[in-house]
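Single-structure report; data block below.
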Amino acid sequence: MRVLIRYGDDTAHCDVQESASVPSKIRIHVYPDGSVEIEAPPGKSADEIQRAVQKRARWVFSHLKAATAARALSLPREYVSGEAHFYLGRRYKLIVSSAPTAQSSVKLARGRLEVAVYSRDPAVVRRRLKQWYLDRAESYLAGRLSHWAAILPFLKAEPPLKLTSMSTQWGSCSPQGAIHLNPALVKAPRHCIDYVIVHEACHLVEHNHSRRFYDLLNRHMPGWRAAKTELDGLAEMLLVE
Ligand SMILES: [Zn+2]
């Protein structure tokens with residue numbers, strides 16, 4: 001069964017599933033792909049369901065709008081002015097302008113990420129920005145690793161840092177004791193960056209996700225779970241190029 005709901009000029013088709021586990025109320029789910037699913041107790045008519053869902057149209061469409069915005073942020077970037085890009089957890093509006101090669105620059109100012117390059121060709125903008133993120137990652141991530149190396153008592157020396165682009169991972173550590181971080185991590189909020197660094201640092205002494213590993217992580221970063229959940233939610237958006 002499908003029902004149609006309206007809100008202003010917007011309409012949405014909703015798939016209805018009969019579900020015996022739903023005691024009496026109708027449940028509505030809005031999924032990240034923009035689909036809407038309704039769980040209704042058996043025996044409700046299409047009319048009854050339609051009326052019940054229509055009453056929550058405002059809620060449905062506000063969630064649909066949020067899902068559309070989140071999807072747009074997870075699409076590959078086009079490297080044109082107006083687009084959203086991230087740095088240390090903040091969202092910046094990309095502004096592309098022309099400049100002679102020798103004066104190419106990237107600047108953060110008042111919510112804007114200003115890129116001046118010799119050509120507005122997206123490939124040129126993308127390359128320049130990628131280099132900028134890499135430079136920022138090198139200095140910011142190294143600074144945080146030094147900070148934690150001085151605090152974490154189980155690290156005898158500061159581990160070497162290697163920046164390694166990974167498509168699905170934020171960090172790892174090598175058997176030789178180096179910490180590898182994804183340069184895209186510099187797009188994440190500061191506390192999420194710290195979480196990844198401490199997580200990998202703990203792996204230098206506890207290689208698996210064992211009980212001892214989590215004891216160590218809990219001791220040195222009690223709030224890590226919230227940071228991990230936040231970072232997981234941002235991953236799709238921050239890992240896309
Ligand atoms: Zn791990």
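As the structure lists them, so they are numbered: ligands from 1, and atoms in each ligand from 1.
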If you count the non-hydrogen atoms of other residues, nucleotides and ligands that lie under 6.0 Å from CZ in Arg71, is the total more than 12?
yes
Could you identify the N, O or S atom of [X] positioned closest to the Zn ion (ligand 1)?
{"X": "His203", "answer": "NE2"}
{"X": "His209", "answer": "NE2"}
{"X": "His199", "answer": "NE2"}

Just so I know, are the side chains of Leu113 and Leu129 near enough to count as touching, which here means a heavy-atom distance under 4.5 Å?
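Yes, at least one pair of side-chain atoms sits under 4.5 Å.
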Please examine the side chains of Pro122 and Glu78, heavy atoms only from C-beta on, and report whether any two atoms are closer than 4.5 Å.
no
Assess, by modelled atom type and distance only, whether the side chains of His209 and His199 contain a donor and an acceptor separated by less than 3.5 Å.
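Distance-only check passes for His209 and His199.
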